[in-house]
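A quick note: this is a predicted structure, and the numbers were derived from the prediction, not measured. Protein chains get the first letters and strands the later ones, always in sequence-line order, with residue 1 at the start of each.
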There are 2 protein chains.
Amino acid sequence: MPRPTGPPIGLTLARTAKSVSRAFDDALAAAGGSLPVWLIMISLKTRSLGNQRELADAIGIRGATLTHHLNAMEADGLVTRQRDPANRRIHQVALTQRGETLFGRLAAAATEHDRRLHADLSKEDIATLERLLHRLQSNVGSEVPEATAGSDA
Amino acid sequence: MPRPTGPPIGLTLARTAKSVSRAFDDALAAAGGSLPVWLIMISLKTRSLGNQRELADAIGIRGATLTHHLNAMEADGLVTRQRDPANRRIHQVALTQRGETLFGRLAAAATEHDRRLHADLSKEDIATLERLLHRLQSNVGSEVPEATAGSDA
DNA sequence: TATTGTTATACTCTATAACTATA
DNA sequence: TATAGTTATAGAGTATAACAATA
């Protein structure tokens with residue numbers, strides 16, 4: 001029983017993801033950020049999340065890991081954490097002006113990365129790719145993250 | 001100028017890759033391995049690589065990082081390193097019997113992961129996805145890794 | 001007691017720089 | 001000198017477990 005197929009799609013995806021993620025990391029680093037910082041910021045900007053647990057879930061990390069990043073971001077003056085008066089267990093995370101500025105730079109870097117990524121791909125190609133990626137994601141049993149439709153980069 | 005598009009494909013790819021890679025990592029870990037170990041083994045099995053530098057390049061890591069992994073793999077009895085008599089600077093890396101056994105287990109885990117990933121996708125879907133992923137990879141300027149066609153999982 | 005988040009600690013993967021061995 | 005690889009060290013991202021604060 002011959003197998004006309006190439007390497008397993010998981011391996012191709014892993015390799016592609018590694019290359020593309022690394023390029024994205026480099027682009028974000030050049031703009032003064034990193035992938036976790038970018039994911040945290042874009043989640044803060046485009047989703048309504050009640051607490052840090054939800055924020056961590058949206059990004060796919062644990063609460064303690066999020067605290068780790070928020071500590072660094074707060075030390076860098078990018079975010080503030082204030083207790084919610086209505087429920088003082090909850091820390092409300094907000095971007096500072098400096099955080100907003102960095103967000104703008106990272107958004108530009110992400111847009112440029114995306115432009116590069118699109119290159120020779122048609123709109124249909126992108127739509128197809130998006131659809132297939134979402135299906136892969138649901139196939140591994142993860143929740144498909146709420147699409148951040150309309151958000152820039 | 002409205003933007004009817006959803007989130008940038010780079011973000012979708014990053015999130016999908018994270019979910020899928022994590023699921024793959026978990027599957028490999030359950031089988032007693034890890035992604036780097038798997039990539040090293042499959043490269044040893046399916047490519048003809050002259051030295052460790054080429055092996056590192058094939059995987060997308062630096063030589064020192066490869067040494068780090070090979071040290072651990074050698075300590076675990078998975079590989080041997082022997083100097084090439086013709087050029088004693090070169091270390092020939094080979095899987096031990098135990099390495100072969102683990103390779104078999106990891107291949108099975110990878111195949112199962114792939115089966116899960118395919119789920120509701122047709123052959124055409126997979127071919128399309130593969131084509132698009134390769135184009136993404138070339139769009140970020142990386143060399144498209146030599147396809148390990150015919151290799152299982 | 002349950003929920004929210006932090007602190008302490010550690011692991012994995014990766015990298016750069018300095019080094020050894022060989023050619 | 002140039003090449004192949006290793007050692008030493010460090011940094012980023014992640015995780016678990018124990019803890020403190022609040023409800």
**Q** Would you please name every residue forming a side-chain contact (heavy atoms from CB on, under 4.5 Å) with A/His118, sequence neighbours left out?
**A** A/Asp114, A/Ile126, B/Ile9
**Q** Which residues pass the side-chain contact (heavy atoms from CB on, under 4.5 Å) test with B/Arg62, not counting sequence neighbours?
**A** B/Thr65
**Q** Parallel, tilted or perpendicular: which fits the ring planes of B/Phe103 and B/Trp38, with parallel below 30° and perpendicular above 60°?
**A** parallel
**Q** If I take atom CD1 in residue B/Ile40 and atom C1' in nucleotide C/dT12, what distance separates them, rounded to the nearest angstrom?
**A** 13 Å
**Q** With sequence neighbours excluded, what pairs up with B/Ser48 under the side-chain contact (heavy atoms from CB on, under 4.5 Å) test?
**A** none
**Q** Heavy atoms from C-beta onward define the side chain here; which of D/dT7, D/dA4, C/dG5 lies closest to that of A/Asn51?
**A** C/dG5
**Q** Between D/dT7 atom P and B/Gln52 atom CD, what is the distance in whole Å?
**A** 11 Å
**Q** Would you say a side-chain N or O of A/His91 is under 4.0 Å from OP1 or OP2 of C/dT6?
**A** yes
**Q** Check A/Glu100 with A/Lys45, please: is the shortest side-chain N to carboxylate O separation under 4.0 Å?
**A** yes
**Q** Could you tabulate the donor-acceptor pairs under 3.5 Å formed by side-chain atoms of residues 89-99 of chain A, not counting sequence neighbours?
**A**
unit_1, atom_1, unit_2, atom_2, d
A/Arg89, NE, A/Asn87, OD1, 3.3
A/Thr96, OG1, A/Gly77, O, 2.6
A/Thr96, OG1, A/Leu78, O, 3.1
A/Thr96, OG1, A/Arg98, N, 3.3
A/Thr96, OG1, A/Gly99, N, 3.0
A/Arg98, NH1, A/Asp76, O, 3.2

**Q** Does C/dT14 have OP1 or OP2 under 4.0 Å away from a side-chain N or O of B/His69?
**A** yes
**Q** What integer distance in Å separates A/Leu55:CG from C/dT4:P?
**A** 14 Å
**Q** So for atom CZ, which belongs to B/Arg135, do other residues, nucleotides or ligands contribute more than 12 heavy atoms lying within a distance under 6.0 Å?
**A** yes
**Q** Separation of B/Asp26 atom CG from C/dT12 atom P, in whole Å?
**A** 14 Å
**Q** Starting at atom CG of A/Leu66, determine the distance to atom C1' of D/dT16, rounded to an integer number of angstrom.
**A** 16 Å
**Q** Is B/Arg81 reaching over with its side chain to a backbone N or O of B/Glu74, donor-acceptor style, under 3.5 angstrom?
**A** no
**Q** Using modelled atom types only, decide if a donor and an acceptor are shared between the side chain of B/His134 and the backbone of B/Glu130 within a distance under 3.5 Å.
**A** yes
**Q** Figure out the CZ/C1' separation between B/Arg22 and D/dT14, and round it to whole Å.
**A** 8 Å
**Q** Using a cut-off of less than 4.0 Å, is there contact between a side-chain N or O of A/Ser34 and OP1 or OP2 of D/dG13?
**A** yes
**Q** Name every residue in residues 79-90 of chain A that has at least one heavy atom under 4.0 Å from any atom of DNA chain C, in order of residue number, or write none if there are no such residues.
**A** A/Arg81, A/Arg89, A/Ile90
**Q** How close or far is atom P of C/dA21 from atom CZ of B/Arg53, stated in whole angstroms?
**A** 20 Å
**Q** Is the shortest side-chain N/O distance from B/Lys18 to OP1 or OP2 of D/dT14 below 4.0 Å?
**A** yes
**Q** Return the value, rounded to whole Å, for the distance between atom CD1 of B/Ile61 and atom C1' of D/dG11.
**A** 17 Å
**Q** Find every protein N or O atom lying less than 3.5 Å from an N or O atom of nucleotides 16-19 of chain C, and list the pairs.
**A**
unit_1, atom_1, unit_2, atom_2, d
C/dT16, OP2, B/Arg62, NH1, 3.0

**Q** Want to settle it: does A/Leu70 or B/Gly63 sit nearer the 5' end of DNA chain C, counting the closest nucleotide to each?
**A** A/Leu70
